[in-house]
Asks: 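Just passing along the structure, written as C-alpha cells.
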Amino acid sequence: MTLREIVTKLNATVYLGEERLDEEVTHAFASDLMSDVLTLKETPMLITGLCNVQTIRTCDMATLDIVVFVRNKKPTDDMIELAEDNDMVLVGTSYSMFKTCGLLFDAGVEPLY
Amino acid sequence: MHQEYTVVEGDFVNAGTASSSVKKTLKQLGVNPQIIKRVVVALYEAEVNAIAHAYGGKVLVDIEADKINMVVADKGPGIPDIAQAMQEGYSTARPEVRDMGFGAGMGLPNMQKNVDKLNVTSEVGVGTTVEMEVMFN
Ligand SMILES: Nc1ncnc2c1ncn2[C@@H]1O[C@H](COP(=O)(O)OP(=O)(O)O)[C@@H](O)[C@H]1O
Ligand SMILES: [Mg+2]
C-alpha cells in the first residue's frame, strides 16, 4: 500500500513528508511504549498515540521514518523540526489506535510479529 | 575521538541529544548502520535513565578504530539492587516518565541486548555509572 493510500484510508492530515507519499509501506508496528519500539530490528511504519519529542527521538535511534499519530494528536513545531532533519513522514488521523490498525491490517499492511 | 555531553535533570525534551550526535559521528565514520543502531539505542536508554531516575549527569564517549566506549555517569539516588533493576519489567518510574513513553522496565535489558559489554555500578545516595562497549566488527 502506498502512503498516499494510507492517508486516504485514514482520512489523515500530512504534517511532514508530502513528497514521500508515493512510497510503499509493507509493515507497521503500533505502540505507545518507546522502549518497545527500540527493540525492533526492522523499520516498519509506526502507529502511536504518543506525541512528543521522544517519539521522534526514538524513531531517529530506531531508524523508523514514518509515523501515524492517532486520536488527533498533532506534532509540535519542535517535533516537526527534529523530524525534518531525519527526512521523516508525519501524519495524523482522528481515528483511534484500534480503528487505524484494523483498517490498515484489513488493507494488507502486515504486522512484524 | 573523545566527546562529552551534559544531561540535565528532568530535561526530557533533550533526552537523546547525546545519542543523536553520536549517531551522526558514527555515520560520518562509515560504521555499519546495524551497529550504529545498537550503539544509539543503548545510549539513548541510558540517557533517559539519567534524566528519569537521577538528577542528570555526564555522557562520555570514546570512539576508537574498532570500538566505541560510552559512560553515562549520574548524580542520583543510586540503585540499591542492580540485579533486580536489570530484570525486564522492573521499574520505579514516575508517571511523568511513563508519559514520555518509557518506564516499562525495558531500558537496562535493552542496553544489555545491544552492547558487547555492560557494566553498571551504583552507590545509594551518590549516583550510578553505566559503562558500555560496542565493537564495530
Ligand atoms: N540511573 C539510574 N539511577 C537510579 N535508578 C536507576 C537508574 N537507572 C535505572 N534505575 C532503576 O532501575 C529501574 C529499571 O530501569 P530500566 O530498565 O531502564 O527501566 P525503566 O527506566 O523503564 O524503569 C528503574 O525503574 C530504576 O528503579
Ligand atoms: Mg529506563
Asks: What do you reckon, is CD of Q84(B) surrounded by more than 12 foreign heavy atoms closer than 6.0 Å?
Replies: yes
Asks: If you count heavy-atom pairs under 4.5 Å with chain B, which of T48(A), N52(A), D32(A) comes out on top?
Replies: N52(A)
Asks: Relative to chain B, which segment of D78(A) carries a heavy atom at a distance below 4.5 Å: side chain, backbone, both, or neither?
Replies: neither
Asks: Of the listed residues (M61(A), K41(A), M34(A)), which shares the most heavy-atom pairs with chain B below a 4.5 Å separation?
Replies: M61(A)
Asks: Is the closest side-chain donor-acceptor distance between E24(A) and T2(A) under 3.5 Å?
Replies: no
Asks: Between E88(B) and K113(B), is the closest basic N to carboxylate O distance under 4.0 Å?
Replies: yes
Asks: At a 4.5 Å cut-off on heavy atoms, which part of L50(A) comes close to chain B: side chain, backbone, both, or neither?
Replies: side chain
Asks: Should the pair D116(B)-R38(B) be classified as a salt bridge under the 4.0 Å nitrogen-to-oxygen rule?
Replies: yes
Asks: What part of T43(A) gets closer than 4.5 Å to chain B, counting heavy atoms only: side chain, backbone, both or neither?
Replies: side chain
Asks: Check whether L40(A) gets within reach of chain B through its side chain, its backbone, both or neither, counting any heavy atom under 4.5 Å.
Replies: backbone
Asks: One pair to check against side chain to side chain contact (heavy atoms under 4.5 Å, CB included): Q54(A) and V13(B). What are the steps and the verdict?
Replies: CA-CA 7 Å; Q54(A) 294 317 315; V13(B) 172; 5.6 Å; no
Asks: Just so I understand: if I count every heavy-atom pair under 4.5 Å between each of N14(B), L43(B), T17(B) and chain A, which residue has the most?
Replies: T17(B)
Asks: Taking the six-membered ring for Trp, are F12(B) and F102(B) closer than 6.0 Å centroid to centroid?
Replies: no
Asks: Where on K37(B) is there a heavy atom nearer than 4.5 Å to chain A: the side chain, the backbone, both, or neither?
Replies: both
Asks: In terms of heavy-atom proximity below 4.5 Å to chain B, should T58(A) be classed as side chain, backbone, both, or neither?
Replies: both
Asks: Answer yes when D74(B) and K58(B) have at least one side-chain N-carboxylate O distance shorter than 4.0 Å, and no when they do not.
Replies: no
Asks: Give a yes or no answer on whether the side chain of D62(B) reaches the backbone of N69(B) with a donor-acceptor pair at less than 3.5 Å.
Replies: no
Asks: Which one, D36(A), D85(A), N86(A), leads in non-hydrogen pairs under 4.5 Å with chain B?
Replies: D36(A)
Asks: Could you have a look at I36(B), V40(B), N114(B) and say which one has the most heavy-atom pairs with chain A under 4.5 angstrom?
Replies: V40(B)
Asks: With a 4.5 angstrom heavy-atom cut-off, is it the side chain or the backbone of D60(A) that approaches chain B, or both, or neither?
Replies: both
